[in-house]
Structures are given as C-alpha cells and as structure tokens.
A.B. asks: 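I'd like to ask some things about the structure below.
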Amino acid sequence: MTVFALVDANNFYASCEKLFDPRLAGKPVVVLSNNDGCVVARSAEAKALGVPMGAPWHQLRDLARREGIAAFSSNYPLYACMSNRLVEVLGQFCPRLEVYSIDESFLDLEGFALQDPEGLTGYGRKIRRRVRDWLGLHVCVGIGPTKTLAKLANHCAKKGLAGADGVCDFAVMTDGELTSLYHQISAGEVWGVGRKIAARLEDMGIKTVRELHDADPDTIRARFSVVLERTVRELRGVSCLNLEEMAPAKQQIMSSRSFGQYVYELAELREAVGSYMGKAAEKLRAQHSVAGAVQVHIRTNPFKPKEPQYQRTATVPLPSPTADTRELTAWALRLLDDMYKPGFAYQKAGVMLCELRPQSVVQGCLFSAPAVDEQSEALMRALDAINAKWGRGTLRSSAEGITKTWQMRRGNLSPAYTTSWEDVPCVRAI
DNA sequence: TCTGGGGTCCTAGGACCC
DNA sequence: TCTGGGGTCCTAGGACCC
C-alpha cells in the first residue's frame with residue numbers, strides 16, 4: 001500500500017520576506033510578479049484584506065496605501081535559497097522525496113508508520129515542528145495513499161477541514177468521514193482539475209470531490225482524457241502517479257521577460273534577445289544538453305488593444321545541435337532581424353531552446369565540421385565556471401549590451417539576505 | 001503609467017506512406 | 001446504403017500546474 005505526504009509551505013514568498021524583517025510581523029505583505037506586475041503571493045493578513053491572487057498591482061494601490069500593505073518585488077535568489085533549506089530538512093525525514101515546486105515536496109512515506117508512536121500523523125507533526133523551529137517557515141502536511149489524495153489532504157490541512165491542524169492524514173479517517181469530507185469540497189480543488197474542466201464537470205452534474213470520486217473512469221476518459229481518468233482513479237486510492245525522485249531533463253528551455261518600458265528599436269531588442277539566450281544557454285549546459293532548434297518571439301502589449309498590435313514567433317532548426325552561446329545567439333538574432341518591424345511598441349521578447357538532447361549522443365552532420373567541437377566546449381566550460389564563481393553576467397557575450405534600458409522594473413526588492421555578503425542581516429545591541 | 005514566467009502532457013487533424 | 005485499413009509524423013491548440 002503506497003503512502004505519500006505532500007509538504008507545502010504556507011504563503012511561501014510572503015513568508016520568506018517576513019522572515020528577515022521583524023517589522024513585517026502581523027502586517028499584510030504581498031509579493032509581486034516580475035516587472036512588479038501582479039500579486040503572486042500574499043501573507044495571511046493580506047488574504048484577510050481580500051487581496052486576490054493574480055490581481056494587477058496598479059489596481060490595488062489605493063487599498064495598499066489605506067491598509068499599509070507592504071509590497072515586494074520577486075526576490076528569487078532568496079526564495080530559492082530558503083527552498084533548498086526546506087528540502088534539506090525534509091530529506092532528514094524521508095530519503096525518497098520529489099521536489100515538486102519551489103515550495104512543495106512529495107515524500108514517499110511507505111514503511112514510516114513506526115517512526116513515531118502516533119504513526120504518520122505524528123511524523124507529520126514532527127516535520128512541521130522542525131521546519132518551524134529551524135527555518136521559521138510554516139508548512140502543512142497532507143497524507144494519503146496517492147499523490148492526488150496527498151494533495152487533497154494538504155488542502156484540507158491548510159483550510160483546517162476535518163479538524164486538521166496543519167496535518168491531515170486520510171489514512172486514519174474512516175470511509176464515512178472521508179465521504180462526508182469529500183462532499184464539502186468542490187471538484188475544482190482537485191489537483192488536475194482547472195477552471196475549464198471544473199465547468200464542464202459541473203455541466204455533467206459533478207460538483208464535489210465525492211461526485212468526481214464516484215464518476216465512471218471510462219466515461220471520464222471518453223469525455224475528457226486519460227489524464228482526468230487517472231485523477232479519478234487516484235481519488236479512489238489507486239496510485240497512478242509515481243514519485244519522481246530524479247527530475248528528468250527538460251525538453252525545452254525558455255527565457256522571456258516583459259520589458260520595464262516599451263522598446264522600439266531593433267538594437268534594443270537584439271540586446272534583450274541576446275541576454276535571454278545567454279541565460280537559456282547556461283541552463284541548457286547545466287543539464288548537459290544541446291539544442292536542435294531555436295525559437296524567438298516578440299510582441300506588443302496585448303492589454304492595449306487600441307495600440308497597433310504585432311506579434312511573431314519563428315523557429316529555426318539548427319544544422320547541428322549545440323550548446324554554444326555564440327552560435328545559439330547568432331541564430332536567434334537572425335530570426336529576430338527577419339521578424340522585426342519598426343513602428344511598434346514592443347512589450348515582451350523571449351527565446352526558447354527546443355529539441356533538446358543529451359550532449360553525449362549528438363548525431364554528426366555529413367556536410368559540416370565534427371559535431372563535437374572541443375574548443376567551443378572548453379570555452380563554454382570556462383564561461384560557466386567564471387560566472388559561477390563571480391556571479392552571473394561577469395563574463396557575457398557582447399550581444400547582451402551594457403545599458404539594458406529595457407530591463408524589468410523591480411521597484412521594491414528586498415536584500416539578498418542569505419546569498420550576498422553585503423546583505424547579511426546584522427543584529428545590533430541598543 | 002501599470003496585467004509574470006516557465007513548464008508538461010494530451011488531442012485533433014492533416015499529410016503522407018504502404 | 002455501403003468509398004480500405006493501419007500506421008507515422010508534425011503542428012497547433014488547449015488544458016493543467018506552480
């Protein structure tokens with residue numbers, strides 16, 4: 001019998017911001033998306049004020065002033081560092097662990113019931129306590145026989161359903177208790193059921209988790225897909241989704257950003273595309289892959305339908321796959337030059353590396369130089385090593401430019417408390 | 001003034017093959 | 001009344017997740 005736990009940090013980004021600034025205790029805090037665009041995380045106090053997830057920040061300015069909401073630009077180095085610490089702590093409780101997102105991990109707890117006199121529920125409480133004591137973060141733990149049920153249990157733990165206090169263990173609940181619990185939760189809360197599918201299910205008379213649980217898997221497969229069929233089976237306790245301890249190599253790598261201000265000139269777009277490619281290529285090499293195709297996209301602001309609109313996406317297959325920033329950048333800029341049209345206010349650009357494959361199994365090309373270019377590989381290794389030691393962008397391609405007027409806005413960035421010596425918090429006796 | 005970024009998987013439909 | 005059957009590959013689009 002499989003047993004999974006899902007451990008999920010509460011209000012993760014907002015909690016990270018609060019951790020290192022005691023003045024924020026008890027205050028509403030929100031974290032904004034790139035470019036300070038919209039709200040991506042809210043503290044409990046901000047949620048209580050009714051700040052919706054995903055709301056454009058400029059629409060909330062008045063409320064924020066009135067209520068004293070503190071807003072932060074996304075500080076990913078800080079969140080990533082805290083995330084790594086969280087995973088480290090969780091790893092002490094369970095070696096079989098899947099890092100599902102920056103603030104969520106699945107644990108395979110099969111065979112762990114004897115680790116605590118109170119069984120897995122007690123083990124879950126122990127996990128919560130240690131994360132709180134060691135990191136200052138609050139997590140909820142959901143336990144169930146499948147990943148989908150562990151996710152659902154985690155939802156119950158967060159909402160305090162079924163008397164849960166941060167830990168919700170479906171395994172210790174009776175069928176009757178589960179049935180009445182499932183009756184209270186709408187189907188849209190289930191992992192894998194988004195807005196569209198929830199609406200279609202409702203048309204079929206399926207509104208609650210209970211009703212989805214009771215639905216006929218074959219009918220669900222016929223009307224939706226094999227994915228939703230698996231969800232139904234998982235709700236019934238049949239484990240269809242395995243723990244993925246090793247993250248599989250990415251099949252595509254994207255890097256794109258909205259600009260801090262509109263961009264009109266080709267020269268500036270070239271800098272942006274060059275920079276994004278620098279970042280994407282670095283990620284590509286980090287997973288020891290090469291790319292077989294390059295895609296570039298540019299667009300104006302779709303939220304301004306009255307302004308002239310233009311958007312293009314173009315892809316080029318490469319003669320031979322590569323991970324060399326110079327080569328990838330050259331192809332990307334060629335695409336950009338072809339699709340650029342003057343006279344538009346560009347708002348966003350991006351690059352995507354596709355047809356990724358392991359560096360070790362590259363197919364040579366009959367007509368060009370050998371696929372493995374040792375000079376290029378050595379150069380890229382040196383580039384990555386220098387940037388790893390001295391910081392990203394220390395050594396970069398000249399295509400990235402110097403001034404970067406198009407860079408995103410980050411008006412209220414908190415210090416890199418845990419990743420930069422200059423920003424380490426100081427405690428002073430008064 | 002102002003609206004994120006980065007992924008995955010599945011399906012449908014068309015082209016083409018024997 | 002009755003228009004073959006079975007496959008692959010590719011692309012676009014849609015849905016989901018955090």
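Chain naming here is simple, since letters A, B, ... match the order of the sequence lines and numbering starts at 1 in each.
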A.B. asks: Give one of base, sugar-phosphate or nothing for A:Glu104, where a contact means two heavy atoms less than 4.0 Å apart.
C.D. replies: sugar-phosphate

A.B. asks: Is any NZ, NE, NH1 or NH2 atom of the basic residue among A:Lys151 and A:Glu104 found under 4.0 Å from an Asp or Glu carboxylate oxygen of the other?
C.D. replies: yes

A.B. asks: Does the distance from a Lys or Arg side-chain N to an Asp or Glu carboxylate O, for A:Glu45 and A:Lys18, drop under 4.0 Å?
C.D. replies: yes

A.B. asks: Measure from the side-chain heavy atoms of A:Ser225 and tell me the nearest of B:dC10, C:dC16, B:dG5.
C.D. replies: B:dC10

A.B. asks: Both A:Arg221 and A:Pro56 contact DNA chain B. Taking the nearest nucleotide for each, which residue is further toward the 5' end?
C.D. replies: A:Pro56

A.B. asks: How about CZ on A:Arg130, more than 12 heavy atoms from neighbouring residues, nucleotides or ligands closer than 6.0 Å, or not?
C.D. replies: yes

A.B. asks: Report which part of the nucleic acid A:Asn34 touches: base, sugar-phosphate, or nothing (heavy-atom distance under 4.0 Å, all strands).
C.D. replies: sugar-phosphate

A.B. asks: Could you tell me whether A:Leu32 contacts a base, only the sugar-phosphate backbone, or nothing, with contacts defined as non-hydrogen atoms closer than 4.0 Å?
C.D. replies: nothing

A.B. asks: How would you label the contact of A:Tyr262 with the nucleic acid (heavy atoms, under 4.0 Å): base, sugar-phosphate, or nothing?
C.D. replies: sugar-phosphate

A.B. asks: Should A:Arg129 and A:Lys126 be marked as a side-chain contact (heavy atoms from CB on, under 4.5 Å) after you check the CA-CA gap, both sets of side-chain angles, and the distance that decides it?
C.D. replies: CA-CA 5 Å; A:Arg129 264 198 308 277; A:Lys126 205 180 270 175; 4.1 Å; yes

A.B. asks: Want to settle it: does A:Phe224 or A:Lys283 sit nearer the 5' end of DNA chain B, counting the closest nucleotide to each?
C.D. replies: A:Lys283

A.B. asks: Base, sugar-phosphate, or nothing for A:Asp36, non-hydrogen atoms under 4.0 angstrom?
C.D. replies: nothing

A.B. asks: Please give, in whole Å, the distance from B:dT1 P to A:Gln347 CD?
C.D. replies: 16 Å

A.B. asks: Output the rounded distance in Å from NZ (A:Lys348) to P (B:dT3).
C.D. replies: 11 Å

A.B. asks: Starting the side chain at C-beta, find the nucleotide from C:dC17, B:dG7, B:dT3 nearest to A:Ile253.
C.D. replies: B:dG7

A.B. asks: Taking atom P of B:dC9 as reference, at what distance in whole Å does atom CG of A:Leu228 sit?
C.D. replies: 17 Å

A.B. asks: To the side chain of A:Trp191, which of B:dG4, C:dC18, B:dG5 is closest?
C.D. replies: C:dC18

A.B. asks: Can you tell if the side chain of A:Cys156 reaches within under 4.5 Å of the side chain of A:Phe170, non-hydrogen atoms only?
C.D. replies: yes

A.B. asks: For nucleotides C:dC18 and B:dT3, find the distance between their P atoms and express it as a whole number of Å.
C.D. replies: 25 Å

A.B. asks: For C:dC18, take OP1 and OP2 only and decide whether either is under 4.0 Å from a side-chain N or O of A:Lys151.
C.D. replies: yes

A.B. asks: Using Watson-Crick or G-U wobble geometry with both distances under 3.5 Å, which nucleotide pairs with C:dA12?
C.D. replies: B:dT11

A.B. asks: Rounded to whole Å, please give me the gap between CZ in A:Arg312 and C1' in C:dA12.
C.D. replies: 16 Å

A.B. asks: Considering only side-chain heavy atoms of A:His58, which listed nucleotide, B:dC2, B:dG6, B:dG5, is closest?
C.D. replies: B:dC2

A.B. asks: What's the closest nucleotide to the side chain of A:Arg409 if the choices are B:dT3, B:dT11, B:dG4?
C.D. replies: B:dT3

A.B. asks: Would you say A:Arg61 places a side-chain N or O within less than 4.0 Å of OP1 or OP2 belonging to B:dT1?
C.D. replies: no

A.B. asks: Under 4.5 Å between any side-chain heavy atoms of A:Phe112 and A:Leu120, yes or no?
C.D. replies: yes

A.B. asks: When all nucleic acid strands are considered with a 4.0 Å heavy-atom cut-off, which category describes A:Trp57: base, sugar-phosphate, or nothing?
C.D. replies: nothing

A.B. asks: Would you mind classifying the nucleic acid contact of A:Arg230 as base, sugar-phosphate or nothing, using non-hydrogen atoms under 4.0 angstrom?
C.D. replies: sugar-phosphate

A.B. asks: Is the phosphate of B:dG6 approached by A:Ser256 (side-chain N or O, under 4.0 Å from OP1 or OP2)?
C.D. replies: yes

A.B. asks: Would you say A:Lys304 places a side-chain N or O within less than 4.0 Å of OP1 or OP2 belonging to B:dC2?
C.D. replies: yes

A.B. asks: Could you tell me whether A:Ser255 contacts a base, only the sugar-phosphate backbone, or nothing, with contacts defined as non-hydrogen atoms closer than 4.0 Å?
C.D. replies: sugar-phosphate

A.B. asks: Side-chain N or O of A:Lys250 less than 4.0 angstrom from OP1 or OP2 on B:dG7?
C.D. replies: no

A.B. asks: Atom CD of A:Gln407 to atom C1' of B:dG4: distance rounded to whole Å?
C.D. replies: 16 Å

A.B. asks: C:dC18 C1' sits how many Å from A:Phe12 CZ, rounded?
C.D. replies: 12 Å

A.B. asks: Looking at A:Arg381, A:Arg392, A:Arg396, which hits salt bridge (Lys or Arg N to Asp or Glu O under 4.0 Å) with A:Glu282?
C.D. replies: A:Arg392

A.B. asks: How long is the line joining OH of A:Tyr76 and C1' of C:dC18, in whole Å?
C.D. replies: 10 Å

A.B. asks: At 4.0 Å (heavy atoms only), tell me whether A:Ile197 reaches a base, stays on the sugar-phosphate, or touches nothing.
C.D. replies: sugar-phosphate

A.B. asks: Verify the contact: side-chain N or O of A:Gln251 to OP1 or OP2 of B:dC9, cut-off strictly under 4.0 Å; return yes or no.
C.D. replies: yes

A.B. asks: How long is the line joining CG of A:Leu60 and C1' of B:dG4, in whole Å?
C.D. replies: 15 Å

A.B. asks: Need one value for A:Tyr100: base, sugar-phosphate or nothing, where a base atom within 4.0 Å counts as base even if backbone is also close, heavy atoms only.
C.D. replies: sugar-phosphate

